[in-house]
Undergrad: 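This is the structure, below, for whatever I ask next.
Since the structure is predicted, the reported quantities are computational estimates derived from the model, not experimental observations.
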Amino acid sequence: MKKFLFSALACVAFAGSSFASSEVVESNPCEISILVYDRDGNLLDALIDHTFPEGGAPCFDHGTSLVNELRGQYPEGVFSISIVG
């Protein structure tokens with residue numbers, strides 16, 4: 001009976017350890033805020049983007065592409081950019 005109980009406990013411990021190792025690691029979402037002003041400080045446009053799922057370098061690259069698009073619309077604009085992710 002002791003051997004059976006020990007075997008059962010060993011199986012439960014083994015199964016429990018496999019659940020612990022399969023944790024889901026959440027990635028940091030990307031948040032980009034871009035404000036565009038004219039030379040007098042008047043707000044021309046505001047963009048807040050939460051659609052890009054990945055943080056880090058891909059987030060920065062996505063922010064850069066959004067700024068380049070807005071620079072085409074506002075070539076004389078002054079940009080304030082915040083990238084978190």
Undergrad: By side-chain hydrogen bond (donor to acceptor under 3.5 Å, both in side chains), which residues pair with Asp40, not counting sequence neighbours?
TA: none

Undergrad: Is there a side-chain contact between Val36 and Leu43 (heavy atoms, below 4.5 Å)?
TA: no

Undergrad: Hey, can you pull the donor-acceptor pairs under 3.5 Å for the side chains in residues 57-65, sequence neighbours left out?
TA:
| unit_1 | atom_1 | unit_2 | atom_2 | d |
| --- | --- | --- | --- | --- |
| His62 | NE2 | Asp49 | OD2 | 2.9 |
| Thr64 | OG1 | Phe60 | O | 2.9 |
| Ser65 | OG | His62 | O | 2.7 |

Undergrad: Pairs of donor and acceptor atoms involving the side chains of residues 69-85, under 3.5 Å and at least two apart or interchain, shall be tabulated with distances.
TA:
| unit_1 | atom_1 | unit_2 | atom_2 | d |
| --- | --- | --- | --- | --- |
| Tyr74 | OH | Asp45 | OD2 | 3.3 |

Undergrad: What distance do Leu47 atom CG and Ile34 atom CD1 have between them, rounded to the nearest 0.5 Å?
TA: 5.0 Å

